[in-house]
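These numbers come from a predicted model, not from an experiment.
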Amino acid sequence: MSARRLISSGSPFETAYGYSRAVVQDGYVFVAGTTGYDYATMTMPDSAEDQAEACWRTIDATLVDAGSSLAGIVRATYYVTDRADAEAVLGICGRVLADVRPAATIAIVAGLLRPEMKVEIEVTARLA
């Protein structure tokens with residue numbers, strides 16, 4: 001069993017709510033649900049598509065920090081608050097993961113933590 005390592009994105013939510021952006025353990029990186037915030041400025045794009053792009057930027061940086069990459073993703077879960085945004089969000093996910101094709105699930109949910117959040121993505125990846 002490998003040592004547990006915690007990865008932070010600098011989000012104030014992590015310390016306030018008691019979680020890590022990712023946990024590295026036993027050859028895997030478990031990335032927490034990631035929304036579209038730019039954590040440096042704590043701003044959120046308006047559109048679901050732009051939020052999905054921002055999610056992937058944060059996830060990519062987190063995986064690199066953990067010693068993995070987008071290519072290592074084996075599982076992905078997508079949460080979208082409006083069914084009308086699902087196809088566009090899935091199109092972005094499909095572009096980002098075109099060569100990876102992890103096992104994936106999408107859920108249309110009633111809402112996320114904050115009303116401006118339209119998309120949340122969580123992934124599991126293997127270490128490089």
Side-chain angles (χ1 to χ4, degrees):
M1 232 154 102
S2 64
R4 178 179 162 127
R5 185 164 64 104
L6 306 179
I7 306 289
S8 175
S9 64
S11 165
F13 298 131
E14 294 170 26
T15 48
Y17 303 147
Y19 74 97
S20 295
R21 174 64 42 219
V23 175
V24 180
Q25 188 160 359
D26 297 330
Y28 287 92
V29 183
F30 303 92
V31 180
T34 303
T35 59
Y37 278 107
D38 174 335
Y39 292 110
T41 63
M42 285 309 292
T43 58
M44 170 86 68
D46 289 330
S47 76
E49 294 90 341
D50 290 343
Q51 288 187 25
E53 294 280 3
C55 291
W56 285 115
R57 283 192 297 276
T58 300
I59 290 167
D60 183 38
T62 300
L63 289 171
V64 169
D65 190 20
S68 185
S69 68
L70 293 172
I73 295 174
V74 295
R75 181 87 175 123
T77 306
Y78 315 121
Y79 303 95
V80 179
T81 60
D82 186 338
R83 185 177 307 279
D85 292 327
E87 291 290 331
V89 169
L90 286 171
I92 291 163
C93 297
R95 179 180 44 76
V96 170
L97 299 176
D99 296 329
V100 181
R101 299 186 55 209
T105 300
I106 185 169
I108 309 302
V109 297
L112 297 169
L113 178 64
R114 302 256 167 98
E116 67 270 20
M117 296 174 175
K118 298 176 181 177
V119 178
E120 187 165 347
I121 301 172
E122 65 181 0
V123 303
T124 302
R126 292 196 47 92
L127 287 173

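Put simply, the side chain of K118 gets close to the backbone of D46: a donor and an acceptor are under 3.5 Å apart. For R21 (side chain) and G33 (main-chain N/O), a donor-acceptor pair under 3.5 Å exists by modelled atom type. Between the side chain of E14 and the main chain of S20, no donor-acceptor pair closer than 3.5 Å is present. Put simply, the side chain of E49 never gets that close to the backbone of I92: no donor and acceptor are under 3.5 Å apart. Looking at T34, its side chain does come within 3.5 Å of a backbone N or O of A32 through a donor-acceptor pair. In terms of modelled atom types and a separation under 3.5 Å, the side chain of R4 and the main chain of V23 share no donor-acceptor contact.
Contact of the W56 side chain with the R95 side chain is not registered, since no non-hydrogen atoms from C-beta on lie closer than 4.5 Å. For the pair S11 and Y19, the minimum side-chain heavy-atom distance is below 4.5 Å. Counting only heavy atoms from C-beta outward, the side chains of R75 and P102 never approach each other to under 4.5 Å. Between I7 and V31 there is no side-chain heavy-atom pair separated by less than 4.5 Å.
Taking all atoms of both residues into account, the shortest heavy-atom contact from Y17 to R114 is OH-NH2, 3.5 Å. Nearest heavy atom pair, residue S69 against residue A125, reads O-CB, 4.4 Å. Minimum heavy-atom separation, Y37 to F13: CE1-CE1, 3.5 Å. For P12 against M42, the heavy-atom pair with the smallest separation is CD-SD, 3.6 Å. What you find for I108 and A86 is that their closest heavy atoms are CD1-CB, 3.9 Å. Contact between S68 and V29 at its shortest, heavy atoms only, is CB-CG2, 4.0 Å.
The distance from the CD atom of Q25 to the CG atom of L6 is 9.5 Å, given to the nearest 0.5 Å. With values rounded to the nearest 0.5 angstrom, Y79 atom OH is found 8.0 Å from T105 atom OG1. Atom CG of L90 sits about 10.5 Å away from atom CG of D85, to the nearest 0.5 Å.
I59 and L113 fall into different hydrophobic clusters, defined by Ile, Leu, Val, Met, Phe, Trp and Tyr side-chain heavy atoms under 4.5 Å apart, directly or through other members. Grouping the Ile, Leu, Val, Met, Phe, Trp and Tyr side chains by contacts below 4.5 angstrom, directly or via other members, places V89 apart from M117. Cluster membership check: I73 shares its hydrophobic cluster with I106, using side-chain heavy-atom separations under 4.5 Å among Ile, Leu, Val, Met, Phe, Trp and Tyr. I121 is connected to L70 through a chain of hydrophobic side-chain contacts under 4.5 Å among Ile, Leu, Val, Met, Phe, Trp and Tyr, so both are in one cluster. If you chain together hydrophobic residues whose side chains sit under 4.5 Å apart, V123 and Y28 never meet in one group.
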Might you work through the side chain to side chain contact (heavy atoms under 4.5 Å, CB included) test for T35 and Q51, ending with a clear yes or no?
-> CA-CA 7 Å; T35 59; Q51 288 187 25; 5.8 Å; no
Taking it one step at a time, do T81 and L112 satisfy side chain to side chain contact (heavy atoms under 4.5 Å, CB included)?
-> CA-CA 7 Å; T81 60; L112 297 169; 3.8 Å; yes
Could you give me the CA-CA distance, side-chain angles and deciding distance for C93 and Y78, then say whether side chain to side chain contact (heavy atoms under 4.5 Å, CB included) is met?
-> CA-CA 9 Å; C93 297; Y78 315 121; 3.5 Å; yes
